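Naming: A, B, ... by sequence-line order, numbering from 1 per chain. All of these numbers come straight from a predicted model, not from anything done at the bench.
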Amino acid sequence: MNDPLIEPFSSLTENKPTSKIVSEPSDDFVDLTNNLADSPEDAAESVLADVAIDTTEIPLDEPSDDFVDIFGGETEAPREEVVIANVTVKAAAAADKSEVTSDVTDPPGDLKTGSDFEQEANETATDSIIDLSDDLLSSNAQKPPLASDQFVDPLVDFLSDAPPAADAKIPSRATVDLFEDEGNDLFTEPRQTKSAKQQQKSLFGEADEDLFGEPLGATTKKPVIKEPKGKPVPTKAARDVSNMGGPLQDGYTAEPADIFSEEAVTTVPSIKKTSAVNSKTNGVHSEEDTDIFAEATVELSLDSPQEERKKGVPAVPSASAPSVSAATSLAKPQSASLEEPLLGTNDMNAFQTPLPMFRNKTFTVRRRFSDFLGLYEKLSEKHGPNGFIVPPPPEKSILGMTKVKVGKEDSSSADFVERRRAALERYLQRIVHHPSLLQDPDVREFLEREELPRAVGTQALSGAGFLKMINKATDAVSKMTIKMNESDVWFEEKLQEVESADQQFRKLHVLVESLVVHRKELSLNTASFAKSTAMLGSAEDNTALSRALSQLAEVEDKMEQLHQDQATNDTFNFAELIADYIRLLGSVRGSFDHRMKAWQRWQDAQAALQKKRETEAKLLWANKPDKLQLVKEEIAEWEVKVTQYERDFDRVTATVRKEVVRFDKEKARNFKREIINYLECLLQSQQQLIKYWEAFLPEAKAIA
Amino acid sequence: MRSVSVDLNHDASLLIDIPDALCERDKVKFTVHTKTTLSSFQKPDFSVPRQHEDFIWLHDTLVETEDYAGLIIPPVPPKPDFESPREKMHKLGEGEATMTKEEYTKMKQELEAEYLAVFKKTVQVHEVFLQRLSSHPILSKDRNFQIFLEYDQDLTVRRKNAKEMFGGFFKNMVKSADEVLISGIKEVDDFFEQEKTFLLDYYSKIKDSTAKAEKMTRSHKNIADDYIHISATLNTLSADDSTANKKHCGGYYMSSFVFLQKVEGRVASDQELKLTELLRYYMRDIQAAKDLLYRRARALVDYENSNKALDKARLKSRDIPQAEEHQKQCLQKFDKLSESGKKELTSFKGRRVVAFRKNLIEMAELEIKHAKLLRTWLAMV
């Protein structure tokens, strides 16, 4: 039954391997790589897709085993939802066997749609799960984009049917109802933002439409898959497709925003709907999945197809399912993506931030660069002392900004804007992936509120000022290291590690920058060689040789492009990654610093207490009861303080430790993924290179 | 692997190769090995030690021989240039402190490889020079050439003294001034007219291409070097990291970059060998062809001058026989030059096309090979 699938998707498989390998768990850096894409929607699309892929694994680290129970007990309705979704996954996973990777991506998305609602419900109960749930939310919309562009063609046929859209809407209502009790307020808020978003859309029309159009398109994918499979109820699926198709088309044809946005409201629910339909149909085949333990299986299967995809070995998901603990698969990402930055009116960059699914919906806000800095300032003020590693924003670049301001349509300024966009996006991703930071009201405000009060004092954070601050912090650290006799070996080692890593990263950054420079040189040189070869070809009097030479010139021309792309790849995938980590390591040091501060405070308090006690002893000896009372009070006060500070210190220590472990884990994972991504790009350019040279070979042979 | 292919007729009667060379400071001693069936040689198989200067001497004597004026004398091999790798080695030594040990070792290896490549290349161009001579029907019979091959002592070619050096420089000046003059002379023969414009044009183009190709190759090398440093740094990074996971992947990326470096390095050296060397060689060869044209043009000018002298002599009715004789000689010389020049140029053209074909094919194949290698490897990752 898989056979029919192979054909429609065979064309996709070519591109697929990339995402397969890339689909390492991740979050923060996802966008970095994908932003290479020229058109904004492409970038957004792939970014989203990536995040979605990665989502599944991340939660594995989170100790949320208890989650299942909670959710099982609390929310009956969601569970059903999940069960249904689960079935879908199964069915689709079966289809995977035919190596159709793209449809694998989709089912998890659906699944998540189901599960994220439950999550939503649970969120109120369990803090630790919250980030997961938000992630889930994002994933349901993110997933689709991956497939959407690829499926556009098949969809067109379905679109022609043009069935009623109401069909899709009804189920969507139903899903919402399920959560009414718990998630009411949560849902209502997004509603508002949505309408806000619509207004915004009319302002920034084109950019938004594409972005939204894609998720819609993706929803239709599932039905498309089903059809060739010959499963029951294909007509229903088809109908879904078509009414989904409407919005999709809008997205692509860039029709008026209002029509589109209206459809958009149905988007998320309709994904669910599709899955529900499918699951029903599949239920016939995979009855065993719909049992009581379904939830567990659901999450498992959510993981498994993707993991399989990574390995490129299609396996039956249900088989691998039991191996993973149930709750783990609550996929991550709440994701924030930055759309194409717009040059604002007041000579500054304004960024549009469509943040999918914060509270279940997509919304977009515009933020200035200084807002990002302001957010950092607020967060680091609030959370830094507690030992949290607050992700630092990119530095303000006066040079780059001036360039943007002065040279309007310059490619370097576009490059700059894109670089910054990607950096800010990664910055936001890091924040929203942080379980505690996501909880911060400022973050939410930043993401959701239409108008932010102007961030003030960010100038101090900009450029040199920012660097100075970091330096100051580092100085303070080193000064304190002397004072503090480190009791914890772990911290000592870690600090050293961080310092040497920082050094190495800096070195690496320089190296990569020089690699980029050399690559650009190569590109230039290749271009001039190509030109020169073309001239030589024109001078050559042997026709065949002349032809071959001009062909060679063409090949070299293409090579130049390849090298240039590679240079961009170097920059975005590699140099930026490293720059990010240099900044992050600064934050890590900062958290160490805060820990030491806490220690210092505790020590100081202890010293003060000691002094007071001495005074008490003295007074006791001098027999001055009136003052003694006062001192005793003070001692009690200080004792409280000492315990307080000690507790604080312990707390900070614990947090820092947890944070550093988390950071290390993330770092290793991100790094691996990014490097693989980088190699991936290289691979592709090698493939191109082979193609070019192979095309050239007969030309060379034709020289007589 | 031959970097430059010349259309050698594989005549077994005279086979020359340089199986060995020794580098002593600035001097490179080549062992020139000859295998022959020709009776003009005393032995069928012999080897002699020769230096770069000996090659230059041979070339110069050939160029100066009047009889060969109508031939394209194979271009003299360029002086062995170990300056750049040496300089790099020096720099590397200076920067040793800033590098990790393995980084240093790798860089050193890379430089050694480069040094070796330069060395090989040098040997090859010298070999090719001799082979071209040996395959030439007329030049292979040259007495000096045979002495060069056979005389088993050091040739102890007298090095040019300062005066001669200056003389040579002056000659070159005159020659280039002449060239400008001559290029203004009206050509009598269409073939040569065409050849002249073609060669002049082609020369400038190929010179340009050579320079560009060199630059390109250098960029490739730079990138390969960057990879070395990056892989080393990544290695240190992963070694520092306590996370087991990281350690594992660190080695993994590092090997990726090592591999990248190797492939990039090979691409660079192959491009150097196949493309840059080809262009470089033909640049010199075209210069040789241009020299032929120059000599022919000189002869033409001589002939015209002799014509004028004859006219003058007739006018004054004095020394007419001598002038007639001279004019006749000049004409004869010019005609002979033209004839053999035509032949040489035609064969040169064929040779060039064949060489380009061979090298371009080889280069394309190598590029594909490397890219495929890299692709397979990356796909494995």
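When heavy atoms are compared at a cutoff of 4.5 Å, A:Leu524 does not approach chain B at all. Contacts of B:Leu275 with chain A are made by side-chain atoms alone, with heavy-atom separations under 4.5 Å and no backbone atom involved. For a residue to count as touching a neighbouring chain, one of its non-hydrogen atoms must lie under 4.5 Å from one of that chain's; by this rule B:Glu214 does not touch chain A. Using a 4.5 Å cut-off between heavy atoms, B:Tyr202 touches chain A through backbone and side chain atoms alike.
When all heavy atoms of A:Leu697 and B:Ala364 are compared, the pair lying nearest together is CD1-CB, 3.4 Å. Minimum heavy-atom separation, B:Ala371 to A:Leu689: CB-CD2, 3.7 Å. A pairwise comparison of heavy atoms in B:Val353 and A:Asn542 identifies CG2-ND2, 3.2 Å as the closest pair. Closest approach of B:Phe198 and A:Ala539 over heavy atoms only: CE1-O, 3.0 Å. Across every non-hydrogen atom of B:Met216 and A:Leu522, the tightest pair is O-CD1, 3.5 Å.
Distance check: A:Leu683 CG to B:Thr376 OG1 gives 9.0 Å after rounding to the nearest 0.5 Å. Atom-to-atom distance recorded for B:Leu374:CG and A:Gln687:CD is 10.5 Å, nearest 0.5 angstrom. Atom CG of A:Leu549 sits about 6.0 Å away from atom CG of B:Leu360, to the nearest 0.5 Å. Summarising the geometry, atom NZ belonging to A:Lys507 is positioned 4.0 Å from atom OG1 belonging to B:Thr233; distances are rounded to the nearest 0.5 Å. Note that CG of B:Leu279 and CZ of A:Phe529 are 5.5 Å apart. Values are rounded to the nearest 0.5 Å.
Taking A:Gln551 as the reference, A:Glu554, A:Phe696, A:Glu699 meet the side chain to side chain contact (heavy atoms under 4.5 Å, CB included) condition, with sequence neighbours excluded. The ring-ring contact (aromatic ring centres under 6.0 Å, His included) test applied to A:His563 returns B:His220, not counting sequence neighbours.
One N or O on the side chain of B:Arg357 and one on the backbone of A:Lys701 form a donor-acceptor pair closer than 3.5 Å.
In this structure the side chain of A:Tyr692 never reaches within 4.5 angstrom of the side chain of B:Glu367, judged on heavy atoms. Here the side chains of A:Leu515 and B:Tyr227 are in contact, with some heavy-atom distance below 4.5 Å. Between B:Phe356 and A:Leu552 the shortest side-chain heavy-atom distance does not fall below 4.5 Å. Using a 4.5 Å cut-off on side-chain heavy atoms (C-beta onward), B:Lys212 and A:Thr526 make no contact.
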*Should B:Glu365 and A:Trp693 be marked as a side-chain contact (heavy atoms from CB on, under 4.5 Å) after you check the CA-CA gap, both sets of side-chain angles, and the distance that decides it?*
CA-CA 8 Å; B:Glu365 275 167 354; A:Trp693 281 113; over 6 Å; no
Please walk me through it: do A:Glu540 and B:Lys205 pass salt bridge (Lys or Arg N to Asp or Glu O under 4.0 Å)?
-> CA-CA 10 Å; A:Glu540 175 62 57; B:Lys205 301 271 165 63; over 6 Å; no
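The residue among A:Ser514, A:Ser532, A:Ala530 with the most heavy atom pairs within less than 4.5 Å of chain B is A:Ser532. In terms of heavy-atom pairs under 4.5 angstrom with chain B, the leader among A:Lys691, A:Lys531, A:Met535, A:Glu493 is A:Met535. The residue among A:Glu521, A:Gln503, A:Arg519, A:Glu556 with the most heavy atom pairs within less than 4.5 Å of chain B is A:Arg519. Options B:Arg218, B:Arg352, B:Lys369 differ in how many heavy-atom pairs under 4.5 Å they form with chain A, and the most are formed by B:Arg352.
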